[in-house]
Amino acid sequence: MTNSWHQKNLEASELGALINRWSLAIWRGRTRIVIISIISAIIALNGVWLRPSKYQAELMLAVEEGESSGWQNLLAQFGLDVGGLNPGGIFEGESLVKLFKTRYMVERTLLEPMVVQGDSVLMVNYLYPYTKWGKRGQHTEMKWTADRPNFTPLQDSLLLEVAQYVTKEVLDVYKPDKKLSLVYVNTIHENKYFAQAFTEAIVANTTSFFLESITAKARVNLEVLQNQRDSASVALKAAIQRNANAQDNAVNSIFQRAQVDKYASFVDLEIANALFIEITKNLTLAEIGLRKQTPLIQVVEHPAFPLKKTGLLWWEWMLAGAGFGAVFGVYRAITQSEKV
């Protein structure tokens, strides 16, 4: 036990001696450390000036969750299925976040126009020079049009390259709190006009895709019911005409056959009228269901100028550079003192 106590005291004394040597080395090299820190701060500041500022265009969405409600149960009682607000939950939670960054959505948005210095240009044509292929000066003559079916294989490949650049470095979509139905869509780029235009366009495309896909079943049901009501209306008018003719023929007729035609036409009229009423009721319920599904994604806040700049401020870069320089100066002072 005595040996252990002596060993601990020896280690403590060696550590104290090492700290003293380092402190003395830092004190002797304090001037050099200060100079290195100042130079590092100036270099960091110059780097900020040479590096273009990036702007953040943020759009906030409120997403309505698709849960069963009273009106859906009412429709089910009549045998009418409109799919619910969000059938299958495809647009709930993280699914919606991932939908924004799919290849289909990004490429569809890149093929839309934007205004740059008064000229209209497709977003992909503007953004291609920022990709790794564009920076290498390869295929700089390549231009895209909105006619996607006629793209060459090279155009498709380079469009995918631009889309991957967008998903990795430009577009950011996230849901900060799983309990809240809020989704934030951010576009970060050197051109603030592009950032705003791309954010607005990809949100509009995603909403349009939702309306085309999620409400497809309800719209098909609505169209079928509309066609059925048109046919039932024609049949009802024909039944009314037949019943009127039968009644005219039965007036002052001594033949029972005329009475049979009269009652048969009346039965057909009652059936046609009941069918028309039932289809009209189902059509009204289908219209209500379709309206309930439509406002699933609502824009709460649009990106407006002036846009927020991203990254550190100039003085924060200077502090970071000075801190790095100080650490490097201390390291150099200590290593030189150990060599002596």
Side-chain angles (χ1 to χ4, degrees), residues 54-69 72 82-112 114 122-124 126-127 130-132 148 156 159-219 290 292-305 307-311:
K54 290 189 176 182
Y55 298 90
Q56 175 182 339
E58 182 177 78
L59 189 146
M60 183 171 64
L61 297 172
V63 183
E64 184 180 0
E65 302 292 349
E67 298 178 355
S68 178
S69 58
Q72 295 176 26
V82 295
L85 278 175
N86 197 2
I90 187 174
F91 280 93
E92 290 184 1
E94 298 300 324
S95 297
L96 178 60
V97 174
K98 295 183 181 299
L99 179 65
F100 277 99
K101 303 188 75 171
T102 58
R103 176 181 176 181
Y104 172 74
M105 284 298 169
V106 175
E107 290 185 354
R108 179 177 174 178
T109 305
L110 288 172
L111 294 178
E112 292 194 359
M114 61 171 289
L122 292 186
M123 294 185 185
V124 62
Y126 173 79
L127 205 60
Y130 293 91
T131 64
K132 64 179 182 180
R148 176 64 187 273
D156 276 329
L159 179 60
L160 175 59
E161 178 71 23
V162 179
Q164 290 175 344
Y165 165 74
V166 169
T167 55
K168 292 179 181 179
E169 302 185 29
V170 176
L171 181 63
D172 183 25
V173 184
Y174 62 96
K175 190 175 183 182
D177 192 341
K178 294 183 178 180
K179 296 181 180 179
L180 300 178
S181 299
L182 295 177
V183 175
Y184 290 85
V185 182
N186 289 286
T187 300
I188 300 175
H189 197 261
E190 300 171 9
N191 189 326
K192 55 186 177 182
Y193 300 104
F194 169 81
Q196 184 192 46
F198 188 85
T199 301
E200 295 279 6
I202 197 167
V203 170
N205 283 331
T206 304
T207 304
S208 175
F209 177 78
F210 158 74
L211 294 176
E212 294 172 359
S213 58
I214 298 302
T215 62
K217 186 176 181 180
R219 285 187 285 108
L290 182 60
K292 288 289 185 179
Q293 292 186 48
T294 301
L296 182 64
I297 301 177
Q298 298 176 342
V299 177
V300 177
E301 185 174 327
H302 290 269
F305 293 111
L307 298 181
K308 178 183 177 182
K309 288 186 177 181
T310 62

Heavy-atom closest pair, residues K175 and L182: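 Closest approach of K175 to L182: CG-O, 3.2 Å.
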Between atom OH of Y126 and atom CZ of F198, what is the distance when rounded to the nearest 0.5 Å?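 Y126 OH to F198 CZ: 13.0 Å, rounded to 0.5 Å.
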Nearest-0.5 Å distance that lies between atom CZ in F305 and atom CD in Q196: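 Rounded to the nearest 0.5 Å, the CZ-CD separation comes out at 4.0 Å.
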Is any side-chain heavy atom of Y55 closer than 4.5 Å to one of H189?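 Result no, sub-4.5 Å side-chain heavy-atom pair not found.
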Tell me the closest heavy-atom pair linking L61 and L59, and the distance in Å.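 Minimum heavy-atom contact is CD2-CD2, 3.4 Å.
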Which distance, rounded to the nearest 0.5 Å, do you find between the CG of L171 and the CD1 of I202?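 If I round to the nearest 0.5 Å, the distance is 4.5 Å.
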Closest non-hydrogen atom pair, E200 against P303: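 Minimum heavy-atom separation between E200 and P303: OE2-CD, 3.4 Å.
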Pair M105-F100, side-chain contact (heavy atoms from CB on, under 4.5 Å): steps then yes or no: CA-CA 6 Å; M105 284 298 169; F100 277 99; over 6 Å; no
I need the minimum non-hydrogen distance between N186 and T199, along with the two atoms involved.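 Residues N186 and T199, closest heavy atoms: C-OG1, 4.5 Å.
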Sequence neighbours excluded, which residues qualify as side chain to side chain donor-acceptor pair (under 3.5 Å) partners of E161?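 Once residues adjacent in sequence are excluded, E161 has no partner under the side chain to side chain donor-acceptor pair (under 3.5 Å) criterion.
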Reported CD-to-CE distance for the pair E107 and M123, which is rounded to 0.5 angstrom: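 Spacing of CD (E107) from CE (M123) equals 14.5 Å.
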Which residue is it: L160, L111, V166? I am looking for the one with a side chain to side chain contact (heavy atoms under 4.5 Å, CB included) to V106.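 Filter result, single survivor: V166.
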Shortest non-hydrogen contact from E112 to R108?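 Closest pair (atom of E112, atom of R108, distance): CG-O, 3.6 Å.
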Taking side chain as C-beta onward, heavy atoms only, is R148 less than 4.5 Å from D156?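 Yes; the side chains approach each other to less than 4.5 Å.
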Main chain of A204, side chain of S208: is a donor-acceptor contact present, judged purely on distance under 3.5 Å?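 Absent.
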Nearest heavy-atom neighbours spanning K192 and L307: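 Looking at all heavy atoms of both residues, the shortest contact is O-CD1, 3.4 Å.
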What class does the angle between the rings of Y165 and Y130 fall in, given that below 30° is parallel, 30 to 60° is tilted and above 60° is perpendicular?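 Judged by the thresholds at 30° and 60°, the geometry between Y165 and Y130 is parallel.
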So, do I188 and D172 sit near enough that their side-chain heavy atoms are less than 4.5 Å apart?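 No; the side chains remain at least 4.5 Å from each other.
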